Amino acid sequence: MNHPVLGFIGYGSMGSMLINGFLARDMVEESNILISTRSPEKAASLKEKHPGVIILESNRSVAEKVDILFLCIKPVDFSEVLTAITDVIRPNQHVISIAGMVPINTLEGRLKAKISKVIPTVVSEVLEGVSLLCHGTRVTDENKAYLKQLLMSIGTVCETNEAMLPLYTELTSCGPGFFASFIEEFILSAMRHDPSLTYEAVSGLVVQTLYGTGRLMADRHFTPQSVVKRVATKGGITEEGVKVFEEKLPHVLDELFDKTLQKRSLMAEKVDQMFK
Ligand SMILES: NC(=O)c1ccc[n+]([C@@H]2O[C@H](COP(=O)([O-])OP(=O)(O)OC[C@H]3O[C@@H](n4cnc5c(N)ncnc54)[C@H](OP(=O)(O)O)[C@@H]3O)[C@@H](O)[C@H]2O)c1
């Protein structure tokens, strides 16, 4: 696809990450990006850095002018946005929703366009991480290839089907939150064991160690088990800590998945009701 015009409705955490990432990777000309968002002042720094980017006042104006439209809004805002844009959306446009909860067939029922779903991850802020991708029935191979190419510029891509999204989303999109929460507890526990330590000192050590551990697995293809084996020598100190994890973490993590997946289904039911 030659230089398509990209539209974004919503310039929040994810919308801004996608736009800044695509621009950083020279995937699109500034003047081929059109944005509308509820609080346009929040896009002021983008406009300073990339003056060619076009910010329009209405979602409808963006929707009617673009080839590819990213809906970077929360499920609760879909109803208002869809009502405003439905009659200007054309069959040859490609609409991409980043809201996991809104089913593709619901959007296909409301919009004449080709529909895909992308679940981005905050990790793509540093051009890493996995974007999840799935497509509706109308999307062509050319649309699929172009979207994948865009997303590959800010990380890697896992193409899957919609049924797999809930569990995969916990891994790739909620994962950074889970890992960060674990690291916070790791830091706080170290500080409880020596109150003279500062948060900055401990987090500096931990974050660098975590980064290196990630690289061992990603770059050197160590499995998690092989890292454990390398560090936790028999009868040694690390092994003592690993035993605590092996005893307690399976229950903690099973509970985490039980609770998050249950919450996800409850929220999906609420979103279904919103579209009835
Ligand atoms: N955060 C994540 O890690 C993550 C990961 C994967 C998927 N998602 C999904 O991505 C979507 C966006 O999440 P987010 O974290 O980016 O949320 P966010 O930071 O709240 O961004 C939503 C954006 O939409 C704007 N907006 C709301 N109503 C609008 C309307 N009627 N017209 C135009 N713009 C409107 C908001 O404006 P204001 O600035 O005025 O609020 C805000 O800029 C959600 O569906 C979420 O489930 C998020």
Side-chain angles (χ1 to χ4, degrees), residues 6-22 33-47 53-66 69-86 88-89 95-104 106-107 110-111 115-134 147 151 154-158 160 162 164-181 260-261 263-268 270-272 274-275:
L6 270 49
F8 293 83
I9 296 183
Y11 188 78
S13 169
M14 291 295 110
S16 63
M17 184 198 73
L18 292 172
I19 294 167
N20 283 289
F22 298 154
I33 292 192
L34 272 59
I35 303 167
S36 59
T37 189
R38 190 167 53 190
S39 315
E41 67 281 2
K42 292 186 185 165
S45 62
L46 173 76
K47 190 74 185 152
V53 163
I54 298 162
I55 299 174
L56 296 178
E57 279 193 3
S58 81
N59 296 331
R60 195 176 164 83
S61 311
V62 168
E64 66 190 355
K65 290 182 178 64
V66 300
L69 179 64
F70 285 86
L71 300 176
C72 303
I73 49 176
K74 292 186 169 155
V76 68
D77 297 313
F78 264 76
S79 196
E80 181 190 332
V81 169
L82 291 182
T83 304
I85 67 171
T86 299
V88 296
I89 292 288
V95 173
I96 293 130
S97 160
I98 67 163
M101 295 290 159
V102 182
I104 288 179
T106 300
L107 292 176
R110 295 286 295 270
L111 302 171
I115 309 289
S116 295
K117 200 192 265 192
V118 168
I119 309 296
T121 168
V122 72
V123 183
S124 295
E125 192 99 37
V126 288
L127 311 175
E128 299 282 358
V130 184
S131 301
L132 301 174
L133 172 60
C134 55
L147 180 57
L151 295 171
I154 57 164
T156 55
V157 174
C158 168
T160 183
E162 213 174 7
M164 293 307 298
L165 280 187
L167 191 59
Y168 279 17
T169 302
E170 311 300 47
L171 303 178
T172 62
S173 184
C174 305
F178 299 148
F179 296 142
S181 164
T260 56
L261 290 168
K263 174 90 182 182
R264 193 172 282 284
S265 333
L266 283 174
M267 286 172 72
K270 276 194 187 159
V271 171
D272 268 358
M274 276 165 30
F275 283 95

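Worth knowing before you read on, the calculation uses all heavy atoms, side chains too, and leaves out hydrogens, waters and symmetry mates. Both ligands and their constituent atoms are indexed starting at 1 by order of listing. What you are looking at is a predicted structure, and each value in this text was computed from that prediction instead of being measured.
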**Request:** Take atom CD of E41 as the centre, draw a 6.0 Å sphere, and report whether it contains more than 12 heavy atoms from other residues, nucleotides or ligands.
**Result:** yes
**Asked** Is there a donor-acceptor pair closer than 3.5 Å between any side-chain N or O of S124 and the backbone N or O of I154?
**Response** yes
**Asked** Checking S97 side chain against K117 main chain: does a donor-acceptor pair fall under 3.5 Å?
**Response** no
**Asked** Got a sec, which residues hit side-chain hydrogen bond (donor to acceptor under 3.5 Å, both in side chains) with E64, two or more places apart in sequence or on another chain?
**Response** none
**Message:** List the protein residues in contact with ligand 1, where contact means a heavy-atom separation under 4.0 angstrom.
**Reply:** I9, G10, Y11, G12, S13, M14, T37, R38, S39, K42, N59, C72, I73, K74, P75, D77, E80, V81, I98, A99, I119, P120, S173
**Request:** Determine the interplanar angle of the F275 and F78 rings, folded into 0 to 90°, and report it as parallel if under 30°, tilted if 30 to 60°, perpendicular if over 60°.
**Result:** perpendicular
**Asked** For L82, does its backbone N or O pair with a side-chain atom of T86 as donor and acceptor, under 3.5 Å?
**Response** yes
